[in-house]
Structure formats: structure tokens, C-alpha cells
Amino acid sequence: MTSILWLRRDLRLGDHPALHAAAEEGAVLPLFVRDPALANAGDARRSRLEASLAALDAATDGVLVVRSGDPAEVVASVAAEAGATSVHVTGEFTPYAVRRDRRVADRLREADVPMASSGTPYAVRPGSVVNKSEAPYQVFTPYSRVWRDQAIEPPLDRPRGLRWRRTVDSEGLDTALVERGRSFGPVGEDAALDRWRVFADGALDDYDSRRDRPDLDGTSRLSVHLKHGEIHPRTLLADLTNGRRRSQGARTFVTELAWREFYADVLWHRPESAWRDLRDGLAGMRYDEGPDVEELVEAWRQGRTGYPFVDAGMRQLLEIGWMHNRVRMVTASFLVKDLHVWWPVGARHFLDHLADGDLASNNHGWQWVAGTGTDAAPYFRVFNPVTQGKKFDPDGDYVRRWVPELAHLPGVKVHEPWRHDGGYDHGYPRPVVEHDEERKVALERYEKASRST
DNA sequence: TGCTTGTTCTG
DNA sequence: AGAACAAGC
């Protein structure tokens with residue numbers, strides 16, 4: 001008996017319920033399908049995925065099968081070729097994935113091959129945390145209280161006596177893509193577990209005070225591993241519980257995991273909110289578009305807005321496919337509230353360049369900043385890019401690291417080149433807009449939009 | 001998981 | 001003068 005393990009965002013062997021379920025039926029054929037519908041994922045994300053597949057292939061002694069095409073056709077034909085009696089998957093919850101999985105399951109049913117879903121990429125299944133009237137929570141804090149109290153299954157070991165089977169051809173991997181994917185840092189399940197141990201034994205206890213500092217290595221850097229399922233949040237939570245880590249840092253880290261789960265839950269309940277305002281409270285909001293603002297948006301994309309903290313973040317994104325979360329908030333606020341651009345424009349750019357790009361976390365993070373989401377920041381919260389920089393990059397190291405035209409300015413001066421002699425000696429651009437003015441414009445438009453609805 | 005402004009308090 | 005705080009955006 002052979003069963004197929006159709007892998008998607010669960011590229012690991014430990015703590016993998018679907019792998020267990022597959023292994024219980026006999027030999028396991030691991031399959032990844034390159035879906036043309038997902039070909040528009042950014043270069044960073046696609047290459048990082050390819051590298052993760054290479055790591056998994058190595059961990060399975062090279063039995064991974066990779067095929068391109070419509071998943072319904074590919075999974076069905078591989079099942080037929082291998083004589084598989086079932087297909088096992090980890091549940092997926094984004095709008096496209098839900099439709100796709102329904103379609104694949106239907107197609108397999110015609111061939112009398114059941115598709116079984118075990119587990120999810122989350123500690124708590126999206127849709128399972130509800131209030132007393134069985135409705136989803138609209139606000140993070142009450143959600144997180146209930147989420148925290150959910151019984152979490154203990155992590156599973158790798159299945160014993162696992163037999164792999166590769167009886168069908170594989171397209172193989174794109175070595176150039178794999179190479180580029182590896183440029184984002186260590187890849188694969190072992191690397192993810194290593195990173196987690198280093199973080200848990202190191203920065204975790206100070207996470208509460210240091211996570212907001214992009215100039216320090218104070219964050220977990222686990223996002224890309226979580227994105228591809230190289231590690232499961234259940235593993236992290238179990239370690240935190242068993243290790244009885246009770247520091248404020250550990251508690252805050254758990255809260256960050258809860259945000260990830262909350263946003264997946266919100267997107268599951270409201271799939272249309274991926275690319276549209278979740279709340280219609282700002283429906284009358286006036287945003288700028290067209291050629292004039294497009295030039296400003298391009299300056300934002302390239303990290304040439306003239307605001308050092310913003311530009312450092314945007315350049316970090318382009319160079320390493322990752323941006324510190326504090327800076328994601330500040331750069332997002334700049335696009336929405338200083339350039340008056342609707343949030344999906346920015347969310348698209350982030351997804352195009354983040355190696356860890358995740359639809360739920362990214363787009364609902366943007367909606368939070370824009371004030372259009374569930375539990376979003378009120379619209380009148382406008383980040384000041386200069387004071388945010390001075391506060392969270394107090395020595396200016398982050399800006400100097402990513403903006404070489406400002407590397408000659410010492411200390412906190414990098415945040416205000418206009419106030420220092422020679423600030424523009426190395427070609428750094430002047431501010432493309434005046435924050436104080438644009439803040440007022442944003443508040444006026446908000447005021448108008450609130451009155452109209 | 002903000003910012004600004006105005007006011008009061010402190011040294 | 002500058003910290004600490006409240007209130008409104």
C-alpha cells in the first residue's frame with residue numbers, strides 16, 4: 001500500500017500529523033506540486049520555497065517528487081501512476097488554498113482515492129476559537145485569552161519505521177532557485193530547530209524589551225521557517241511549557257504567535273478580506289492614485305523617500321527578503337498616511353519581496369496599520385518616521401547598515417540629515433513629502449470619511 | 001504595538 | 001528646562 005503525502009506549507013518530518021496518517025497506511029510518496037496559479041509569488045518567496053524543498057528532499061534521501069501543473073490533475077495522475085490508495089495533506093486556510101483543496105478532493109473522489117486532511121499550520125485550528133454566541137472574535141485580546149487556554153496537542157515525533165516510496169518520475173529542483181533561496185539564510189527543518197534553540201536560550205528572555213529594536217538581533221527570525229512549515233508552532237509552545245519559561249519575554253513571544261493565529265482565523269472567516277477592507281468604516285476614504293503618486297510609491301519601494309528609518313526598512317526588504325516588524329509598521333504607515341495610498345498596494349509589494357510573505361499575517365498587518373481591519377489601530381494613529389527611528393534605532397546603527405549614503409553621520413544624527421552639516425554630501429535624497437503636513441491631510445481625509453459613513 | 005499639545009510637577 | 005500626564009485627534 002502506498003499513500004501520497006501532498007506537501008504544501010508543511011516541509012518538515014517532525015511533528016507532522018499528516019505524515020503520521022500517511023505512514024500508518026504503508027509506504028509514503030512525498031509530492032510537491034508547482035501550481036501555475038501561484039507562479040506570481042515573489043522571487044524571494046519562490047526561491048526560498050525551492051530551497052526548502054531541496055532541504056526536505058535531502059532529509060528524505062532524495063525521494064521527493066516535484067511536478068508542475070494544475071494540482072487536481074497532477075495529484076490525481078501521480079496517485080494513479082503510483083497506485084496510491086490515499087492522499088494525505090495538512091489543512092490549508094487561505095482563500096485560494098481552500099478552493100483548490102476542495103477541487104482536488106472532488107477530482108480524487110472520482111478516482112476513488114480519498115483525500116485526508118490532518119493538522120494545520122497553526123497550534124489552534126482557524127475557525128475553532130469562538131465566543132459564547134459561537135461567533136468569531138473581532139478583537140485580538142479576547143481571542144488570545146481563549147486561544148491561550150486551548151489544549152494544544154503534544155508534538156509528534158517522526159514516525160517510526162517510516163518507509164518512503166518513489167515509483168514515479170520527478171521534475172527535480174531548479175538549482176539556481178535553490179541557490180538564491182539559500183541566500184536568505186539557513187534553510188530546512190534542522191536549521192529551523194537550531195534557530196529556535198538559539199533564540200530560546202538567548203534572546204527570548206529579553207524579547208519583551210528588545211524585539212522592537214531593528215538594530216539588534218532581538219527577534220526570533222522564525223517567520224520564514226514557520227511560513228514553509230519547517231517548524232510547527234506547537235513545537236515552540238511545547239518547549240516553552242515544558243521548559244517552564246515564564247519570563248515576560250517568553251509571554252510576549254507567545255502573544256506574537258497568537259497574532260499569527262488570529263490573523264489566519266480572521267482570513268478564514270472573511271476570505272474576501274485578503275485584498276479588500278475588512279471593515280467598511282473607511283469606505284469613503286479618499287486615497288491617491290495615478291502617475292503623480294506612482295512616482296512617490298516607487299520612491300517608497302526603492303527606499304528613497306528621504307526618511308532614513310523608512311528607507312532603511314525598504315532597502316532591507318529588497319536586499320534580504322525580510323524586514324523587522326517594527327519597521328514594517330512604520331513603512332506601512334508611511335505609504336498609507338504620508339503618501340495616502342490604499343494599503344493593498346503596499347501589501348502587494350511586501351508579498352512580492354518577503355521571503356516569509358504570508359497572506360494572512362501580511363495583509364491583515366497592513367489592514368491593522370491602515371485602520372481598516374479587525375481590531376485595527378484607529379486611523380488617527382500616525383507613526384512619525386523620525387521619532388520612531390530615534391526611539392527604536394537610538395544609535396542609528398540600523399539606518400547606517402542599510403543606507404550607505406548616510407553612513408558618514410554618527411549616532412542618532414542619521415535620522416535627521418537635514419539638521420546636520422554635510423547630511424546630503426553622499427547623494428541621500430531630500431524628503432519626498434513633509435510628514436507634518438501629510439499627517440494633517442491624512443487626518444482631514446479620515447475625518448471626512450468618518451462623517452460620510 | 002501613536003502623536004501632539006497643553007498642563008502640571010519637579011528640581 | 002524637562003519629565004510626567006491627560007486628552008483629543
Fill in the blank from the handout: residues 131-157 of chain A vs salt bridge (charged side-chain N to carboxylate O under 4.0 Å, His left out), sequence neighbours excluded, gives none
Exercise for the section: Sequence neighbours left out, what pairs pass side chain to side chain donor-acceptor pair (under 3.5 Å) with at least one residue falling in residues 394-407 of chain A? Expected result: A:Arg315-A:Glu405, A:Gln316-A:Tyr398, A:Asp397-A:Arg400
Problem - Residues that A:Glu272 engages under salt bridge (charged side-chain N to carboxylate O under 4.0 Å, His left out), provided they are two or more places apart - result: A:Arg270
Exercise for the section: Scan residues 324-349 of chain A against DNA chain B and write down, sorted by residue number, each residue with any heavy atom closer than 4.0 Å; if none is found, say none. Expected result: A:Arg326, A:Met329
Exercise for the section: Determine the contact category for A:Glu447: base if any of its heavy atoms lies under 4.0 Å from a base atom, sugar-phosphate if only primed atoms, P, OP1 or OP2 are that close, otherwise nothing. Expected result: nothing
Exercise for the section: Check every nucleotide of DNA chain B for an atom under 4.0 Å from a heavy-atom of chain A, then give the first and the last such nucleotide from 5' to 3'. Expected result: B:dT1 to B:dT4
Exercise for the section: State, without any angle test, whether A:Ser52 and A:Glu230 hold a side-chain donor-acceptor pair at a distance under 3.5 Å. Expected result: yes
Practice task
Under 4.0 Å from any atom of DNA chain B, heavy atoms only: list the residues of residues 359-381 of chain A that qualify, in numerical order.
Solution key: A:Trp368, A:Phe380, A:Arg381
Handout entry: Under the side chain to side chain donor-acceptor pair (under 3.5 Å) test, residues paired with A:Arg9 that sit two or more places apart
Key = none
Practice task
Could you list the residues that satisfy side chain to side chain donor-acceptor pair (under 3.5 Å) with A:Asp190, not counting sequence neighbours?
Solution key: none
Contacts under 3.5 angstrom, residues 257-266 of chain A side chains, donor-acceptor by atom type, not counting sequence neighbours:
unit_1: A:Arg260; atom_1: NH1; unit_2: A:Pro121; atom_2: O; d: 3.3
unit_1: A:Arg260; atom_1: NH2; unit_2: A:Pro121; atom_2: O; d: 3.4
unit_1: A:Glu261; atom_1: OE1; unit_2: A:Ala123; atom_2: N; d: 3.2
unit_1: A:Glu261; atom_1: OE1; unit_2: A:Val124; atom_2: N; d: 2.9
unit_1: A:Glu261; atom_1: OE1; unit_2: A:Trp147; atom_2: NE1; d: 3.0
unit_1: A:Glu261; atom_1: OE2; unit_2: A:Ala123; atom_2: N; d: 2.7
unit_1: A:Asp265; atom_1: OD1; unit_2: A:Gly127; atom_2: N; d: 2.6

Handout entry: For A:Phe32, all residues meeting ring pair (Phe, Tyr, Trp, His ring centres under 6.0 Å), sequence neighbours excluded
Key = none
Exercise for the section: Under the salt bridge (charged side-chain N to carboxylate O under 4.0 Å, His left out) rule, collect the residues that match up with A:Asp208, sequence neighbours excluded. Expected result: none
Exercise for the section: Could you list the residues that satisfy side-chain contact (heavy atoms from CB on, under 4.5 Å) with A:Ser209, not counting sequence neighbours? Expected result: A:Asp206
